Amino acid sequence: MQQPTRPRTRSSQEEADARQVTRQRGVAVMLSVTGTIFLVLVAFLTSMLILNPLLELYHLEQDRDQAQEEYRRAKAEETQAANQFHWMMDPEYFEQMARDRANQAKDGETVIHRAAPERPVPAATPTAPRRN
């Protein structure tokens, strides 16, 4: 059984309307805050999905550049070592190096010694007397 509802008075109707308006404003504010939070989360997730691979790509490119530089350096060292090996295997080069280090010559050869370059002596700079 339903109880009969009392007719609302003017003041109670105004109060009900005021509460309804307040609820509507609260719901609108709540929706705008929720929407803002949702947009921030979507923006954050999107940036993570896009920026993380870009950052990883940047680091991989740096690693590649460093590896290429190390490869070039190793290749140059290998070439230099191969050249030294070939020179050392040449009997004439080996003999020439031995004679140069032993300061000897073959018959008919003349040994020429170059004087060591003179280093200039720095001029003495006058010192100022100390003040007490």
Side-chain angles (χ1 to χ4, degrees):
M1 211 191 253
Q2 277 186 335
Q3 296 181 352
T5 59
R6 293 184 293 180
R8 290 189 177 171
T9 63
R10 186 160 183 81
S11 64
S12 65
Q13 182 64 35
E14 289 174 357
E15 289 174 0
D17 290 342
R19 282 193 302 261
Q20 186 176 6
V21 168
T22 304
R23 279 191 212 119
Q24 287 174 347
R25 285 184 186 156
V27 168
V29 169
M30 181 84 96
L31 285 175
S32 66
V33 168
T34 305
T36 303
I37 292 172
F38 179 74
L39 288 176
V40 167
L41 285 174
V42 167
F44 176 73
L45 292 175
T46 303
S47 68
M48 290 302 292
L49 291 174
I50 292 173
L51 295 180
N52 194 25
L54 289 177
L55 185 62
E56 187 175 339
L57 177 65
Y58 174 74
H59 289 303
L60 287 173
E61 287 174 348
Q62 284 183 332
D63 291 346
R64 182 199 63 204
D65 294 342
Q66 183 179 0
Q68 285 177 342
E69 183 60 33
E70 289 177 14
Y71 174 75
R72 281 189 218 109
R73 202 174 314 124
K75 203 65 164 153
E77 288 176 9
E78 178 193 18
T79 303
Q80 183 181 8
N83 288 341
Q84 285 179 344
F85 177 75
H86 289 297
W87 291 338
M88 293 301 285
M89 297 307 291
D90 183 17
E92 290 178 22
Y93 174 78
F94 188 74
E95 182 181 338
Q96 180 67 38
M97 290 303 295
R99 281 185 294 165
D100 286 347
R101 290 186 182 165
N103 202 19
Q104 296 182 356
K106 282 185 177 180
D107 291 334
E109 286 184 341
T110 305
V111 177
I112 301 174
H113 296 283
R114 285 190 277 170
E118 293 183 24
R119 294 185 180 163
V121 178
T125 57
T127 58
R130 293 186 182 180
R131 295 184 187 176
N132 292 334

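All values below come from the heavy atoms of this structure, side chains included, with hydrogens, waters and symmetry mates left out. These numbers come from a predicted model, not from an experiment.
- For residues 20-48, the set of pairs meeting the salt bridge (charged side-chain N to carboxylate O under 4.0 Å, His left out) definition, not counting sequence neighbours, is empty.
- Grouped by direct or indirect side-chain proximity (heavy atoms under 4.5 Å, Ile/Leu/Val/Met/Phe/Trp/Tyr only), Val21 sits alone.
- Every residue two or more places apart in sequence or in another chain that forms a side chain to side chain contact (heavy atoms under 4.5 Å, CB included) with Glu70 is listed here: Gln66, Arg73.
- Hydrophobic clustering, defined by side-chain heavy atoms of Ile, Leu, Val, Met, Phe, Trp and Tyr closer than 4.5 Å, leaves Leu39 isolated from every other such residue.
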Enumerate, atom names and distances included, each donor-acceptor pair closer than 3.5 Å involving a side-chain atom of residues 48-63, sequence neighbours excluded.
from, atom 1, to, atom 2, distance (Å)
Tyr58, OH, Gln62, NE2, 2.8

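- The other members of the hydrophobic cluster of Ile37, by chain and number, are Val29, Val33, Leu41 (side-chain heavy atoms under 4.5 Å, ILVMFWY only).
- The side chain to side chain contact (heavy atoms under 4.5 Å, CB included) check on Gln20 picks up Asp17, Gln24, with sequence neighbours excluded.
- Between Asp65 and Gln68, the closest side-chain pair of non-hydrogen atoms falls below 4.5 Å.
- For Arg72, the side chain to side chain donor-acceptor pair (under 3.5 Å) partners two or more places apart in sequence, or in a different chain, are Glu69.
- Val42 belongs to a hydrophobic cluster whose other members, connected by ILVMFWY side-chain contacts under 4.5 Å either directly or through intermediates, are Phe38.
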